[in-house]
Protein chains: 4
Amino acid sequence: MSRVQRKRDERVRRIVAVAAEVFGERGYEATTLEEVAERLDVTKGSLYYYFAGKDELATAAIETLGTDWTERLEALAGSLAEASRPERLRALLRAHIAIAVQEYPAALRLFLVPDSWPAALRDRIRELRRRHDLVFRREITAGVDAGEFSVVSVDATLQAMHATMSQAPLWCSHLAPEARDRAMDDLAEVLSKLSR
Amino acid sequence: MSRVQRKRDERVRRIVAVAAEVFGERGYEATTLEEVAERLDVTKGSLYYYFAGKDELATAAIETLGTDWTERLEALAGSLAEASRPERLRALLRAHIAIAVQEYPAALRLFLVPDSWPAALRDRIRELRRRHDLVFRREITAGVDAGEFSVVSVDATLQAMHATMSQAPLWCSHLAPEARDRAMDDLAEVLSKLSR
Amino acid sequence: MSRVQRKRDERVRRIVAVAAEVFGERGYEATTLEEVAERLDVTKGSLYYYFAGKDELATAAIETLGTDWTERLEALAGSLAEASRPERLRALLRAHIAIAVQEYPAALRLFLVPDSWPAALRDRIRELRRRHDLVFRREITAGVDAGEFSVVSVDATLQAMHATMSQAPLWCSHLAPEARDRAMDDLAEVLSKLSR
Amino acid sequence: MSRVQRKRDERVRRIVAVAAEVFGERGYEATTLEEVAERLDVTKGSLYYYFAGKDELATAAIETLGTDWTERLEALAGSLAEASRPERLRALLRAHIAIAVQEYPAALRLFLVPDSWPAALRDRIRELRRRHDLVFRREITAGVDAGEFSVVSVDATLQAMHATMSQAPLWCSHLAPEARDRAMDDLAEVLSKLSR
DNA sequence: GATGAATGAGCGTTCATTCAT
DNA sequence: AATGAATGAACGCTCATTCAT
């Protein structure tokens, strides 16, 4: 890989990171390329040198955001290998909520992509969700198999967890810092009940 | 009430219904008056004869939908006065999910308040939510007071219930009829656990 | 003239009067038929039963406004037949200013009709101006002929008088009542100097 | 100043000049950005690259015109330091009229502040007027203080002068060249009387 | 590689005008 | 005679997209 290519990759990475930030804050529709460009301190037109358009940029951003998010949860799961199952699940739920609330408050809106998007992109997003989902699914099924967890339905339980976590920002964002922390704790605790 | 007035009301009702549909499908920002008008087979400008603008139309759509929904749940709660607490709660959860999935599959987007919504609308939505929320809150707190329910936090529990119910259509819509019914049952059952 | 015809004339008169009022306050562009209709307590569409459109209504309004204005000045001139020439001129100037400021604050804008108007209407307006102009022209020329007035040029003098009077609302409107009265007095006094 | 910057400035200058022209011909409300763009042979949207909106464009137009005009009068006043007061006043009046008639025949409409103009613009216009006004106010008050001029009211006198000068194009524009020159002379002479 | 400039389609909104009733 | 309803053209404005330099 040439030096030029590395430079380009680095640039692309930075653009995507910033785009993920903006898309995460504002959602797809409310995000303008102008704002993305501004935060990168370049002009709007420059973005087109790297991305074919808003949709592609959004896709890359979602991908990055989703991958980053998933990897952090996976890393956390790894680092908690010693903890008890309930402890680990709660920690994962809590971390997920914290990321949603603090870093990607508009993620829900972002994953509610416009129907007008090409099927390929929608599939890609679904794929990302699946991988994301897997982090929690593994915990639950392993716990159930081990007889430590008991759920009505794994799918329904995961559905409830994800729905609650993705909407957490709507509830928590406008709370004062301490109240917000408590609210996030409560949510994680409440969701933990679903596996008992 | 005059014939003219009735006609007008009927017209307004149709507009609001269609608007709720489109807002639900697309979200606030992505909804264009052009599309609402097209589905009504009138021109954009005609909408302004009945509504002062996009915001008012969205408000009316949300208001109608929210009020109708709440009233049906309140009626159900009333008719179940005799049932046991857990029974009644599960029935309410199941009914809520059914309404969401079958009648307002797009409600999530309607109640998913983007920061870009006019403040007035935001407040109104919050108000509607509160009333809607109250149906379930009453059940939970009464159960807790009676010592039959036990929750970590009433607020967090309600938050989880509402989030899950509003996202149910995303999961259930594309399932086959029987699978869908079972999924809805499971969700209601899962959420019931939150009060135990 | 039939009773029906009289009734119609009466209606037309009322419409035109109200239209003159609104056009006088807002100017041509800012006046909407909606507002005219509202003040008449009828619907927009009804106006079209009497007038072919906004332009015709405006023309009629200007005509009425101009005629009324002129007639009041002529009446005043008649009632001051005994007064000295300078007295009469000043009174006329003062009256003109008062009407402009208090009743038709946007008259200037109204007489600055859009270039897009049909030539016939523009001619009619010019005609109205001429008659209006004549009230003052008569005074000046008579005074000059009698050796009591002395002007550089009758046309230029009248031009200055009319320009000043028509712009008076711009200056006077936002003054407090007493200051406004004084300002109008001053203007009339100042313009009187032009004939000495 | 870079070549790019110079180019941009030049572009802005041209836009403002054309805008002043159109605003002058049509007035604020009747001016459409479409027409401004058309005369510049660009599209409507392009204007927004340079100006935030119609208001800002109008402000810039008025500002440019007003500043240029005032500075020329101030320069003339400076160059006539030796002349007698009456001479200097007449020369200023005559110059003002000439600029109005020959260069800014539509200035009246620009300075004719409709109530509908955004408040910010109104204030700015008032400010420009004040500075413009000052050129003449200085002459008058100095003359009065020196006992060479005598006026009923400085304010009213200035009001009359400005009104007359700004409406001069309405009268003079359609005259033949020689008649027009004479008319302008007459107007200046007539207005001179106001200070005697 | 990046910029400044321009484009054009589309949006929410206004309003004169038309017309069936 | 008058109304309620609808239309459609136009407006100010936004923004993704293109492109010469």
Side-chain angles (χ1 to χ4, degrees), chain A residues 4 7-8 11 29-37 40-58, chain B residues 2-5 7-8 11-12 15 28-37 40-58, chain C residues 4 7-8 11-12 29-37 40-58, chain D residues 2-5 7-8 11-12 15 29-37 40-58:
Chain A
V4 169
K7 252 271 151 88
R8 181 186 173 92
R11 278 232 187 282
E29 321 268 0
T31 294
T32 69
L33 296 190
E34 185 64 49
E35 171 149 19
V36 175
L40 284 162
D41 208 35
V42 298
T43 57
K44 231 181 351 177
S46 303
L47 298 177
Y48 283 83
Y49 189 77
Y50 299 96
F51 293 93
K54 188 181 182 181
D55 289 5
E56 288 220 4
L57 186 54
Chain B
S2 74
R3 220 176 55 83
V4 168
Q5 184 60 28
K7 204 117 197 212
R8 182 185 177 94
R11 206 104 187 74
V12 167
I15 293 173
Y28 180 79
E29 327 225 28
T31 293
T32 71
L33 296 189
E34 183 67 47
E35 170 146 22
V36 175
L40 286 162
D41 206 37
V42 297
T43 56
K44 231 181 355 176
S46 301
L47 298 177
Y48 284 83
Y49 188 71
Y50 298 96
F51 293 94
K54 190 181 183 180
D55 293 1
E56 289 219 4
L57 187 53
Chain C
V4 169
K7 230 160 183 182
R8 181 186 174 92
R11 278 230 187 283
V12 168
E29 321 266 1
T31 294
T32 69
L33 295 191
E34 186 65 49
E35 171 149 20
V36 174
L40 285 162
D41 207 36
V42 296
T43 58
K44 232 182 348 178
S46 303
L47 299 177
Y48 284 83
Y49 189 76
Y50 300 96
F51 293 93
K54 189 180 182 181
D55 289 5
E56 288 221 4
L57 186 54
Chain D
S2 74
R3 219 176 56 83
V4 168
Q5 184 61 28
K7 204 117 197 212
R8 182 186 176 92
R11 206 104 188 74
V12 168
I15 293 172
E29 327 226 26
T31 293
T32 72
L33 296 189
E34 183 67 48
E35 170 146 22
V36 174
L40 285 162
D41 206 36
V42 296
T43 56
K44 232 180 356 177
S46 301
L47 299 177
Y48 285 83
Y49 189 71
Y50 298 95
F51 293 92
K54 190 181 183 180
D55 293 2
E56 288 218 6
L57 188 52

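Source: prediction; values computed, not measured. FYI, side chains are in, hydrogens and waters are out, and symmetry mates aren't considered; it's all heavy atoms of this structure. Naming: A, B, ... by sequence-line order, numbering from 1 per chain.
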Original post:
Reading DNA chain F 5' to 3', which nucleotide is the first, and which the last, to come under 4.0 Å of any heavy atom in chain C?
Top reply: dA1(F) to dG4(F)
With a 3.5 Å cut-off and sequence neighbours excluded, list the donor-acceptor pairs that the side chains of residues 48-58 of chain D form with protein atoms.
| from | atom 1 | to | atom 2 | distance (Å) |
| --- | --- | --- | --- | --- |
| K54(D) | NZ | Y28(D) | O | 3.0 |
| K54(D) | NZ | T31(D) | O | 2.9 |
| D55(D) | OD1 | Y28(D) | OH | 2.2 |

**OP:** Just call it for S46(B): base, sugar-phosphate, or nothing, with non-hydrogen atoms closer than 4.0 Å on any strand.
**Re:** base
**OP:** Quickly work out the E34(B) CD to dA9(E) C1' distance and round it to whole Å.
**Re:** 12 Å
**OP:** Measure from NZ on K54(B) to P on dG10(E) and round the result to the nearest Å.
**Re:** 16 Å
Original post:
Taking atom P of dA2(E) as reference, at what distance in whole Å does atom CZ of R8(A) sit?
Top reply: 9 Å
**OP:** Please name the pair of heavy atoms, one in A30(D) and one in E29(C), separated by the smallest distance, quoted to 0.1 Å.
**Re:** CB-OE2, 3.1 Å
Subject >> V42(A) or D41(D), whichever maps to the more 5' nucleotide of DNA chain E >> reply: V42(A)
**OP:** Report which part of the nucleic acid G45(B) touches: base, sugar-phosphate, or nothing (heavy-atom distance under 4.0 Å, all strands).
**Re:** base
**OP:** Check the distance between dC15(E)'s C1' and L57(C)'s CG and give it to me in whole angstrom.
**Re:** 15 Å
Original post:
Mapping Y50(C) and K7(B) onto DNA chain F by nearest heavy atom, which one lands closer to the 5' end?
Top reply: Y50(C)
Original post:
Considering heavy-atom distances to DNA chain F, does L47(B) or L33(D) have its closest nucleotide positioned more toward the 5' end?
Top reply: L47(B)
Original post:
For S46(A), which residues count as a side-chain contact (heavy atoms from CB on, under 4.5 Å) partner, sequence neighbours excluded?
Top reply: V42(A), T43(A)
Original post:
What is the distance from OH of Y48(A) to P of dG4(E), rounded to the nearest Å?
Top reply: 17 Å
**OP:** Answer with base, sugar-phosphate or nothing: what part of the nucleic acid does S2(D) contact at a heavy-atom distance below 4.0 Å?
**Re:** nothing
**OP:** With sequence neighbours left out, write down each residue that passes salt bridge (charged side-chain N to carboxylate O under 4.0 Å, His left out) with E34(B), or none if nothing qualifies.
**Re:** none
**OP:** Would you please name every residue forming a side-chain hydrogen bond (donor to acceptor under 3.5 Å, both in side chains) with T32(C), sequence neighbours left out?
**Re:** none
Subject >> Spatial distance of atom CZ (R11(C)) from atom CG (L40(C)) [nearest 0.5 Å] >> reply: 9.5 Å
Subject >> Angle of first-five versus last-five pair axes in the helix from dA2(E)-dT21(F) to dT21(E)-dA2(F), to 10 degrees >> reply: 30°
